[in-house]
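Read the structure below first, then the notes.
Just so you know, ligand 1 is whichever comes first in the structure, and atom 1 is the first atom listed for that ligand.
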Amino acid sequence: MLSAIIKRGSANTLKYRHPWIFSGAIKKINGSPVMGETLEIRSEDDEIIGYGSYSPVSKIAIRIWSFSDKEKLDESLIRQKVESAVNFRSSRMFSRNSNCVRLVFGEADGIPGLIVDKFAEYLVCQFLFTGTEFHKDIIVSILNELVPNKGIYERSDVDIREKEGLPLSVGVLSGSEPPDSIEINEGSIKYYIDIKKGHKTGFYLDQRINRLRVANYSNEMEVLDCFAYIGGFSIASLKGGAKRVTSVDSSSSALESLKRNVELNGLDLTKSETIEAKVAEQLRKYRDYGKQFDMIILDPPKFIYDRAHLEHASRAYKDINLLAMKLLRKNGILATFSCSQPMTEELFQKILSYASADSGRTVQILEKLSQSPDHPIALNFPESAYLKGLICRVI
Ligand code: SAH
């Protein structure tokens with residue numbers, strides 16, 4: 001069988017079961033594996049450590065599916081892993097009040113690089129690396145067996161595929177093509193989403209519990225929702241009783257969808273204003289003409305992908321948070337997020353403390369937020385923790 005011999009020091013660290021093996025940790029590859037093919041992973045002492053998939057182009061040369069000589073990477077193991085992830089989501093609170101859920105969250109579910117979201121009767125998949133790409137047909141057929149659906153759609157149009165040497169790939173994998181607009185619900189809130197053209201897989205399910213938490217503060221508030229997309233926080237805030245919500249985003253099509261979502265929920269359109277602008281510029285405008293708000297939500301896109309850009313990203317986070325603090329009325333609420341994985345909770349809090357000092361405002365943290373539980377954080381894969389948020393009182 002094709003195998004990779006791992007250098008002694010690196011093999012020792014694999015006992016913590018982190019699923020990535022960097023190319024520098026490999027002493028030798030036996031055979032000529034093609035992209036995505038399965039390798040037996042062996043120590044220099046010739047013990048089997050587990051099984052993983054090969055990525056010849058990526059710095060992460062092997063991603064591990066199994067840490068046992070007894071669990072070979074075959075259809076039965078893939079089935080067992082997908083079933084475990086999917087059935088847990090179906091049997092618990094996730095499917096109670098909602099018709100959408102993340103069914104599989106990559107390495108955190110022991111399935112490196114596979115994302116599966118369920119939106120009403122459609123599934124959307126991302127195959128983020130060579131191993132899942134290699135087993136795509138099996139994965140699609142297992143999903144079809146486990147989850148009744150009208151269609152499975154692929155949205156592997158993400159930059160990281162290029163690092164793996166894979167082309168971007170979008171389209172129907174099975175069943176029918178999803179319509180341009182699908183109605184989903186999170187509790188009593190409904191959204192129209194577009195899984196073919198929307199961001200990522202169409203909607204940000206990771207913020208589900210946070211939308212409800214933030215909405216708890218919105219009653220009678222004048223709210224500014226920055227990076228609003230199709231209205232996740234805006235609609236939740238209006239539902240929570242906000243007096244008025246201003247939603248800022250640089251995408252005009254996202255804001256068009258947001259307006260449709262306000263209507264879909266039977267909410268008063270006159271309470272909702274949309275502004276197509278860059279957030280930092282819009283916040284500066286507000287500062288310059290003295291506009292104030294009771295509550296500001298900052299949910300920017302990923303500012304960074306790797307540690308090298310942490311300093312630059314830190315400045316960008318500080319900038320928008322500092323401006324937001326200045327724009328809040330006394331005792332205003334700031335709900336602020338970072339989905340950049342290399343930005344730690346500690347660093348994020350430190351950046352906010354600098355923003356607080358520079359803005360001259362005293363800030364208390366009321367709640368600490370994380371990603372919704374259908375995006376679990378695996379202890380053997382700390383990289384699965386990426387979303388952090390703070391709800392603050394700005395005195
Ligand atoms: N809060 C949303 C998700 C935000 S995703 C929710 O709960 O669903 C990030 C959004 O920021 C995207 O809609 C994108 O169009 C927008 N965006 C990216 N850069 C921006 C910028 N500089 N100014 C304004 N919007 C921006």
Judged by atom type as modelled, is there a donor-acceptor pair below 3.5 Å linking the side chain of Tyr191 to the main-chain atoms of Gly232?
yes
Hey, does Val248 sit under 4.0 Å from ligand 1 if you only count heavy atoms?
no
From the options Tyr354, Phe337, Phe348, select the one residue that forms a ring pair (Phe, Tyr, Trp, His ring centres under 6.0 Å) with Tyr317.
Phe348
Go through ligand 1 atom by atom and flag the ones less than 4.0 Å from a non-hydrogen atom of Tyr229.
2 (C), 3 (C), 4 (C), 8 (O), 13 (O)
How far is atom 3 (C) of ligand 1 from the closest protein heavy atom, and which atom is that?
Asp299 OD2, 3.3 Å
For Asp294, check salt bridge (charged side-chain N to carboxylate O under 4.0 Å, His left out) against everything at least two apart and list the hits.
Arg329
Is it true that Glu256 and Arg260 have a side-chain N and a carboxylate O under 4.0 angstrom from each other?
no
Give me the nearest non-hydrogen protein atom to atom 10 (C) of ligand 1 as residue plus atom name, then the distance to 0.1 Å.
Asp249 OD2, 3.4 Å
The salt bridge (Lys or Arg N to Asp or Glu O under 4.0 Å) partner of Asp109 among Arg102, Lys81, Arg89 is Arg89
Output the list of atoms in ligand 1 that are nearer than 4.0 Å to some heavy atom of Ala277, sorted by atom number.
23 (N), 24 (C)
Among protein heavy atoms, which sits nearest to atom 21 (C) of ligand 1, and what does the distance come to when rounded to 0.1 Å?
Phe227 CE2, 3.7 Å
Which atoms from ligand 1 have a heavy atom of Phe233 less than 4.0 Å away?
1 (N), 7 (O)
Output yes when Glu177 and Lys196 qualify as a salt bridge under the 4.0 Å nitrogen-oxygen rule, no when they do not.
yes
Check whether any heavy atom of Pro301 sits under 4.0 Å from an atom of ligand 1.
yes
List every atom of ligand 1 that sits less than 4.0 Å from any heavy atom of Arg211, numbering the atoms from 1 in the order shown and giving each element.
6 (C), 7 (O), 8 (O)
Using the rule that two of Ile, Leu, Val, Met, Phe, Trp, Tyr join whenever any of their side-chain heavy atoms come within less than 4.5 Å, decide whether Tyr51 and Ile111 are in one cluster.
yes
With a 6.0 Å cut-off on ring centres, are Tyr204 and Tyr229 close enough?
yes
Taking Ser272 for its side chain and Leu269 for its backbone only, find out whether a donor-acceptor pair lies under 3.5 Å.
no
Protein heavy atom at shortest distance from atom 26 (C) of ligand 1
Ser250 OG, 3.1 Å
For atom 23 (N) of ligand 1, the closest protein heavy atom turns out to be Val279 N, 3.0 Å
Got the closest protein heavy atom to atom 22 (N) of ligand 1, with its distance?
Lys278 CD, 3.9 Å
Taking only non-hydrogen atoms of Ser251 and a 4.0 Å limit, the atoms of ligand 1 in range are 15 (O)
Taking only non-hydrogen atoms of His199 and a 4.0 Å limit, the atoms of ligand 1 in range are 12 (C), 13 (O), 14 (C), 15 (O)
